[in-house]
Amino acid sequence: QVQLVESGGGLVQAGGSLRLSCAASGRTFSNYGLGWFRQAPGKEREFVAAISRSGAITNYADSVKGRFTISRDNAKNTVYLQMNSLKSEDTAVYFCALGRTSYSGNYGAGYAYWGQGTQVTVSS
């Protein structure tokens with residue numbers, strides 16, 4: 001059974017940084033793409049970032065481009081999201097997801113497994 005566990009969320013002031021981690025188990029991690037999504041209160045889930053199985057391909061939502069960086073360590077079965085210059089509008093629950101293929105892009109349907117989420121709150 002695949003399990004994804006996010007960590008690293010918390011409360012931070014605007015302009016600050018956080019690094020989210022997502023540890024995976026139960027599947028050959030390095031065969032699949034990974035993604036981060038987020039959902040703010042009263043809003044639909046939205047794409048944040050994606051990375052291919054080797055890490056060679058990455059993609060970001062326009063709203064986070066230049067501020068967030070997705071990376072992965074296949075030896076540790078972990079994907080990261082480094083978030084800098086945080087804004088109040090980044091406040092949301094952040095979810096990691098394991099893709100169905102080697103790169104799953106920005107559509108939620110491309111992901112087979114999801115974590116429980118970690119709360120990120122940015123105070124202004």
Side-chain angles (χ1 to χ4, degrees):
Q1 183 173 349
V2 175
Q3 190 172 19
L4 301 171
V5 180
E6 301 98 336
S7 61
L11 174 64
V12 63
Q13 287 189 331
S17 298
L18 281 175
R19 188 175 83 152
L20 305 184
S21 300
C22 174
S25 61
R27 195 169 237 197
T28 306
F29 180 83
S30 59
N31 286 348
Y32 300 95
L34 290 152
W36 286 97
F37 291 76
R38 67 186 181 186
Q39 187 167 20
K43 295 187 176 182
E44 293 187 352
R45 184 181 64 195
E46 64 175 1
F47 168 76
V48 176
I51 189 167
S52 63
R53 70 175 189 176
S54 69
I57 301 170
T58 58
N59 189 30
Y60 299 90
D62 288 343
S63 59
V64 307
K65 204 169 290 184
R67 299 188 298 122
F68 290 13
T69 302
I70 187 171
S71 61
R72 64 190 293 164
D73 185 338
N74 287 340
K76 296 182 178 180
N77 282 7
T78 302
V79 61
Y80 305 97
L81 185 68
Q82 177 66 45
M83 305 186 296
N84 298 328
S85 302
L86 283 161
K87 306 175 181 179
S88 57
E89 51 263 44
D90 294 319
T91 295
V93 177
Y94 284 71
F95 300 89
C96 69
L98 184 67
R100 301 181 188 276
T101 64
S102 60
Y103 177 69
S104 293
N106 60 341
Y107 292 101
Y111 295 85
Y113 299 96
W114 296 80
Q116 293 298 307
T118 185
Q119 176 70 47
V120 171
T121 303
V122 183
S123 63
S124 57

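Here the structure is a predicted model, which means the values were calculated and not measured.
Residue pairs satisfying the side chain to side chain donor-acceptor pair (under 3.5 Å) criterion with at least one member in residues 114-124, sequence neighbours excluded, are listed as follows: Gln119-Thr121.
Side-chain atoms of Asn74 come within 3.5 Å of backbone N or O of Arg53 as a donor-acceptor pair. No donor-acceptor pair under 3.5 Å is formed between the side chain of Thr28 and the backbone N or O of Ser30. Gln39 contributes no side-chain N or O that, together with a main-chain N or O of Glu46, makes up a donor-acceptor pair within less than 3.5 Å. No donor-acceptor pair under 3.5 Å is formed between the side chain of Arg100 and the backbone N or O of Gly33.
The two atoms that bring Arg67 and Ser85 nearest to each other are NH1-O, 2.9 Å, heavy atoms only. Across all non-hydrogen atoms, the minimal contact from Thr78 to Ser21 is CG2-CB, 4.3 Å. Scanning both residues, Tyr103 and Ala50, for their nearest heavy atoms gives CE1-CB, 4.0 Å. Contact between Gln82 and Ser17 at its shortest, heavy atoms only, is NE2-CB, 4.0 Å. Smallest separation of non-hydrogen atoms from Ser104 and Gly110: OG-O, 2.9 Å. Closest approach of Arg38 to Ser63, counting heavy atoms only: NH2-OG, 3.5 Å.
Here Lys65 pairs with Asp62 under the salt bridge (charged side-chain N to carboxylate O under 4.0 Å, His left out) rule; sequence neighbours left out.
The hydrophobic cluster containing Trp36, built from Ile/Leu/Val/Met/Phe/Trp/Tyr side-chain heavy atoms closer than 4.5 Å, also comprises Val2, Leu4, Val12, Leu18, Leu20, Phe29, Tyr32, Leu34, Val48, Ile51, Tyr60, Val64, Phe68, Ile70, Val79, Leu81, Met83, Leu86, Tyr94, Leu98, Tyr113, Val120, Val122.
Checked against a 6.0 Å centroid threshold, the rings of Phe37 and Phe95 do not count as neighbours.
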